[in-house]
Amino acid sequence: MAASTSELIATTRSWFKCVNEKRWDDLPKYMHTTYNQNGQDYTPESWATYIKEHMAPEMGGEVRINEDSIMVDEKAQCVAFSTWSKFKPEKPFLGYQLMRREVLLVGHGFVWFTNGKLSKSLFMTNNDDMRKQLATLSTEYVPSLISEYPAPKSTAPLSREELHEIYNAYVDTVNCRRIETHFDKFYNRPEQTLNNKVHARGIVEDTLSAIPDLHVDIHTLVADEEKQRLAVWLDFTGTPVRDYAGLIANGRSVHFTEHATYQFVNGKIQRIWGVMDFDKAREQQKCAK
């Protein structure tokens, strides 16, 4: 039986609250009999044990999930979310020795429901940003949060279907290498649009320069018609021709993913919050040596 939008949001928030309050024994009641996270299968009980005995201790015993953004595709029974948490690692973390400093973790993902219960999820964190925090003790990290950016009003808002359509057209433009001539078609203020705190156009051009054969596939897409926002999980494949984001040019193709949230205004992109997971691609290159 399909759940309503409000039920999907309520269950997602209850799941977060359950983790925050360390009610480990209550976690399974929100989960389907089978649960898969990032390709790993769990039973409800084994996932609760993993959170209690592995994830929570790694984060210093305190896990507090704060909601940043949440969007729902009721038809697909899917919720897109972004969260943030502060914690102090209790053991070496991401290659850094224990320093007992507070780290801000920003996470993004999608969760699917079966009969109103969590049955599958994709989740990623911005590991490169956390490494920067661990490497620079004197600098306080200030993330770019979606919740701090009120959704602007559109005089010509797009329907959910139109948001899907225009984003698919944008990805086709990237894949067909028409960005130079078509960028203005998709961006509200092409030279000012930010992806987090960096100019979006520069990120696109730099990535395509480093990986000229880059191909983008849309894995999952959820649109919020009211806020004119869209959350996507993207799959990238390509061969680096120069060192880029910790990848080396060794002639081998790599695969990596991105979670991004786009703010549209009057049918064009005005702001992006994107995170690329390069760790998997770096690991592929290590294994290929």
Side-chain angles (χ1 to χ4, degrees), residues 38-39 80 82 94-95 106-110 122-132 135 143-144 164 166-222 230-264 268-289:
N38 292 357
S82 293
L94 293 176
V106 178
H108 310 273
F110 293 85
L122 290 171
F123 183 69
M124 73 165 66
T125 56
N126 195 331
N127 289 349
D128 285 343
D129 271 0
M130 285 192 285
R131 290 187 181 97
K132 291 177 184 176
S144 180
H164 281 241
I166 197 167
Y167 191 75
N168 275 278
Y170 171 64
V171 169
D172 286 343
T173 295
V174 174
N175 284 333
C176 294
R177 302 300 185 267
R178 295 194 298 265
I179 283 294
E180 186 174 343
T181 56
H182 287 60
F183 200 82
D184 291 9
K185 177 182 177 181
F186 297 99
Y187 283 81
N188 218 344
R189 296 175 296 173
E191 303 307 322
Q192 300 178 45
T193 303
L194 297 180
N195 184 339
N196 294 310
K197 299 179 181 180
V198 182
H199 285 101
R201 184 166 192 156
I203 293 176
V204 174
E205 291 175 343
D206 197 31
T207 304
L208 291 176
S209 171
I211 312 175
D213 64 344
L214 186 76
H215 183 80
V216 187
D217 286 309
I218 301 173
H219 180 286
T220 303
L221 189 158
V222 171
L230 183 150
V232 294
W233 187 283
L234 302 173
D235 289 320
F236 295 87
T237 306
T239 308
V241 296
R242 61 175 172 83
D243 292 356
Y244 177 69
L247 302 177
I248 58 173
N250 62 1
R252 293 179 180 271
S253 178
V254 294
H255 169 259
F256 56 98
T257 55
E258 178 183 17
H259 181 287
T261 299
Y262 290 77
Q263 176 70 63
F264 283 79
K268 292 189 176 184
I269 300 165
Q270 181 158 307
R271 184 72 180 262
I272 309 170
W273 297 266
V275 177
M276 289 184 178
D277 182 5
F278 288 111
D279 277 1
K280 290 181 180 178
R282 294 164 188 150
E283 191 62 33
Q284 292 164 38
Q285 292 195 326
K286 287 181 183 178
C287 293
K289 289 182 179 179

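Aromatic ring orientation, His108 versus His259: parallel (interplanar angle below 30°, classes split at 30° and 60°). Relative ring orientation between Phe278 and Phe256 is described as tilted, the plane-to-plane angle lying within the 30° to 60° band.
To the nearest 0.5 angstrom, Tyr167 atom OH is 11.0 Å from Asp172 atom CG. Taken to the nearest 0.5 Å, the CD atom of Glu258 stands 8.0 Å off from the CD1 atom of Ile272. Note that the CZ atom of Arg178 and the OG1 atom of Thr173 stand 4.5 Å from one another [nearest 0.5 Å]. In this structure, CH2 in Trp273 is found 9.5 Å from OG in Ser82, a value given to the nearest 0.5 Å. Here the straight-line distance linking atom CG of Asp213 with atom CG of Leu208 works out to 10.0 Å at 0.5 Å rounding. With rounding to the nearest 0.5 angstrom, the CD1 atom of Ile269 is 13.0 Å from the CZ atom of Arg189.
Taking the ring centre of Tyr187 as origin, the terminal cationic atom of Arg201 falls outside the region bounded by 6.0 Å and 45° from the ring axis.
Minimum heavy-atom separation, Val232 to Tyr262: CG2-CE1, 3.8 Å. The two residues Gln270 and Asn188 come nearest to each other via the heavy atoms OE1-ND2, 3.1 Å. The shortest heavy-atom contact between Asn195 and Ile203 is CB-CD1, 3.6 Å. In terms of heavy-atom proximity, Gln285 sits nearest to Asn250 at NE2-OD1, 3.7 Å. Heavy-atom minimum distance, Asp184 versus Lys268: O-NZ, 3.1 Å. When all heavy atoms of His164 and Leu230 are compared, the pair lying nearest together is N-CD1, 4.4 Å.
Side-chain N/O atoms of Thr207 and Tyr244 include a donor and acceptor closer than 3.5 Å. Defined by atom type and a distance below 3.5 Å, a donor-acceptor pair is missing between the side-chain atoms of Asp235 and Thr257. One side chain, Asp217 or His215, offers a donor N or O that lies under 3.5 Å from an acceptor on the other.
Two residues are said to be in side-chain contact when any heavy atoms from C-beta on lie closer than 4.5 Å; His199 and Glu191 fail this criterion. Under the 4.5 Å side-chain criterion, counting only non-hydrogen atoms from C-beta, Pro143 is not in contact with Asp129. Proximity of Thr193 to Arg271: side-chain heavy atoms (C-beta onward) are nowhere separated by under 4.5 Å.
A salt bridge links Arg282 with Asp128: the closest approach of a Lys/Arg side-chain nitrogen to an acidic carboxylate oxygen falls below 4.0 angstrom. Classification of Arg131 and Asp279 as a salt-bridged pair holds, one side-chain N sitting under 4.0 Å from a carboxylate O.
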Are Leu234 and Ile218 close enough, and set up right, to give a side chain to side chain contact (heavy atoms under 4.5 Å, CB included), and what steps lead you there? CA-CA 5 Å; Leu234 302 173; Ile218 301 173; 3.9 Å; yes
Starting from the C-alpha separation in whole Å, work towards a yes-or-no answer on side chain to side chain contact (heavy atoms under 4.5 Å, CB included) for Tyr170 and Ile179. CA-CA 9 Å; Tyr170 171 64; Ile179 283 294; 4.2 Å; yes
Residue pair Arg252, Leu247: steps toward the side chain to side chain contact (heavy atoms under 4.5 Å, CB included) verdict: CA-CA 10 Å; Arg252 293 179 180 271; Leu247 302 177; over 6 Å; no
Worked verdict on Arg242 versus Ser209 for side chain to side chain contact (heavy atoms under 4.5 Å, CB included): CA-CA 9 Å; Arg242 61 175 172 83; Ser209 171; 3.6 Å; yes
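Between the side chain of Asn175 and the backbone N or O of Val216 there is at least one donor-acceptor pair closer than 3.5 Å. Looking at Asp277, its side chain never comes within 3.5 Å of a backbone N or O of Met124 through a donor-acceptor pair.
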